[in-house]
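Remarks on the structure that follows.
Every chain is numbered from 1, with letters handed out A, B, ... down the list of sequences. Bear in mind the structure is a predicted one, so any value in this text is a computation, not a measurement.
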Number of protein chains: 2
Amino acid sequence: MRGTYDHDMPYDPSVYPPFAVTVDLVVLTVRRNALCALAVRRGEEPFRGRWALPGGFVRADEDLATAAVRELAEETGLRPQESEGHAGAHLEQLATYGDPSRDPRMRVVSVAHLVLAPDLPAPTAGGDAERARWVPVASLLAGPGGAAPEPLAFDHARILTDGVERARSKIEYSSLAAAFCAPEFTVGELRRVYEAVWGVSLDPRNFHRKVTGTPGFLVPTGGTTTRQGGRPAQLFRAGGATLLNPPMLRPEA
Amino acid sequence: MRGTYDHDMPYDPSVYPPFAVTVDLVVLTVRRNALCALAVRRGEEPFRGRWALPGGFVRADEDLATAAVRELAEETGLRPQESEGHAGAHLEQLATYGDPSRDPRMRVVSVAHLVLAPDLPAPTAGGDAERARWVPVASLLAGPGGAAPEPLAFDHARILTDGVERARSKIEYSSLAAAFCAPEFTVGELRRVYEAVWGVSLDPRNFHRKVTGTPGFLVPTGGTTTRQGGRPAQLFRAGGATLLNPPMLRPEA
DNA sequence: ACAAAAGTGTTGGCGTTACACCCATGG
DNA sequence: CCATGGGTGTAACGCCAACACTTTTGT
């Protein structure tokens, strides 16, 4: 008889053993021109002493996104975008990982989320600050020809890889790179975000024309700053335009 | 005390109630120039008599993708891409839905998957063929200015919407549209897939140049066919190139 | 002969690249 | 005065939309 395991059937725990459901967080930021991820040192077996992604169990009456926001606040004190266009971090669901052997203790299905955060004055204020650190992605993942990385716990290397790849491709056609910047930022600062995330260098002149020429992408605040040195630069906020068309082009190398 | 619900902690079922985990399938195909989804009539409460997406519980020792493949085979007899570039269907994880109230009976977290299938001779051979049908997406989802759709069970309208949007955007920059075609197909047939999925019409001449001019995208098989009438058309298989650069442009209206 | 679908050639516009050049500040 | 980063101008190139035109079949 087919269809026995159909959605339609009543739930019988003896046939369908329960799963633990967690959220894991890939929290990315740009610090000192390097793409960094939030990582915690594990204090328990398995994988004691290894880096892991922050995360935790979803509560009984809690939505997945709610659980991710709660975990993020517990670990970083960060709060995702309160209002449209305002700073805060960007949070979105990434993917779900459910290999039966991914956690040796039990069957865990983890719903990973991606967070793009501005560089924070205090790296992990308000939470488990002792164990949480910003770690350059390059030292966690083997790049092409890079040195052997510090191994991550569980399948977190896979999750981090997927999160980084998602961030890299999303800034191509959306205004999401601004989520890595302070509420007000210069065109040059935004360009350095692209350069850090993609690992390339971009022509400053053409980049400037491209982003300022896309209507609704950047909104000038009127202020200027010289915090990067040189001639004073205009300050901008992220505009309402969330789609970038035509997209920013990612150079070959 | 923060961090109480941390990933690190041992699993205590009295604190973290168990979840049921299911997979739901958004199976899309193009039939008679219309984008269609596989839907089943529910025979049980809740939502008895409504359309729902096929799906079912993940088994205890089964990966998420494995569960999706099994459900797909049970419902359609279809098997996703056996070998590279060969026909078969395309399957990928879509997103995970875990609102606490999405199923009135219990706490269910559903990992939705997206399947792009060629138009099958027998719509749902090999499975619960009685209840499963191809239904035009336009009649399941309210388009802009369209008539009121037949309501879907649970949050399946949301899931279907997300799946359709993913399919629409993915064919833009990948060779995935070929997953909707027979193993060998003509350029015109591929163009009609784009037109059905996007709901637009494309210039046949420019489309032809674009897809045949992208190296590795299409591989001529040497054969020709006149099954569409008119001058004989070359037959192609999908090539190894999975990324389409520059992307196909989706017209405004 | 005609309709229908497959292909090719050509042209103008627009976006991008590459780079010369000017601007405004700090040291 | 010079270094540094911000910003504008401009020409060559490439891709693409638009459309005229040819090819090869079925009826």
### Query
In whole Å, what is the span from the CZ atom of A/R227 to the C1' atom of C/dG26?
17 Å
### Query
Does A/T214 reach the main-chain N or O of A/K210 with its side chain, forming a donor-acceptor pair under 3.5 Å?
yes
### Task
Return the value, rounded to whole Å, for the distance between atom CG of A/L202 and atom P of D/dG5.
16 Å
### Query
Where each residue is assigned the nucleotide of DNA chain D containing its nearest heavy atom, which of A/H208 and A/G229 is assigned the position nearer the 5′ end?
A/G229
### Query
Under a 4.5 Å cut-off applied to non-hydrogen side-chain atoms, are B/R133 and B/R41 in contact?
no
### Summary
When every non-hydrogen atom of B/C181 is compared with those of B/P118, the smallest separation belongs to O-CB, 3.4 Å
### Whole-Å distance separating the CZ atom of B/R205 from the P atom of C/dA4
15 Å
### Message
Quiz question: by atom type and distance under 3.5 Å, do the side chains of B/T29 and B/D119 form a donor-acceptor pair?
### Response
no
### Query
Atom CZ of A/F207 and atom C1' of C/dT17: how far apart are they, to the nearest Å?
16 Å
### Message
Salt bridge or not between A/E195 and A/R191? Use side-chain N to carboxylate O under 4.0 Å.
### Response
yes
### Under 4.0 Å protein heavy-atom contacts per nucleotide of nucleotides 10-16 of chain C, with B for base, S for backbone only and - for none
B----SS
### The single option from B/V115, B/L160, B/L116 passing side-chain contact (heavy atoms from CB on, under 4.5 Å) against B/V26
B/L160
### Query
Are any non-hydrogen side-chain atoms of A/I171 and A/Y194 less than 4.5 angstrom apart?
yes
### Message
Using only modelled atom types and a 3.5 angstrom limit, is any donor from either the side chain of B/R231 or the base of C/dA6 paired with an acceptor on the other?
### Response
yes
### Query
For A/E189, does its backbone N or O pair with a side-chain atom of A/T186 as donor and acceptor, under 3.5 Å?
yes
### Summary
Winner on side-chain proximity to A/P232, out of D/dT25, C/dG7, C/dT25, is C/dT25
### Query
In whole angstrom, what separates B/L235's CG from C/dA5's P?
17 Å
### Task
Send over the distance from B/Q234 CD to C/dG7 C1', rounded to a whole Å.
9 Å
#### Entry: Contacting residues from residues 185-192 of chain B, given that a heavy atom lies under 4.0 angstrom of DNA chain C
B/G188, B/R191, B/R192
### Task
Give the rounded distance in Å between these two atoms: CG of A/D203 and C1' of D/dG5.
13 Å
### Donor-acceptor pair between A/Y97 and A/D24 side chains, under 3.5 angstrom
no
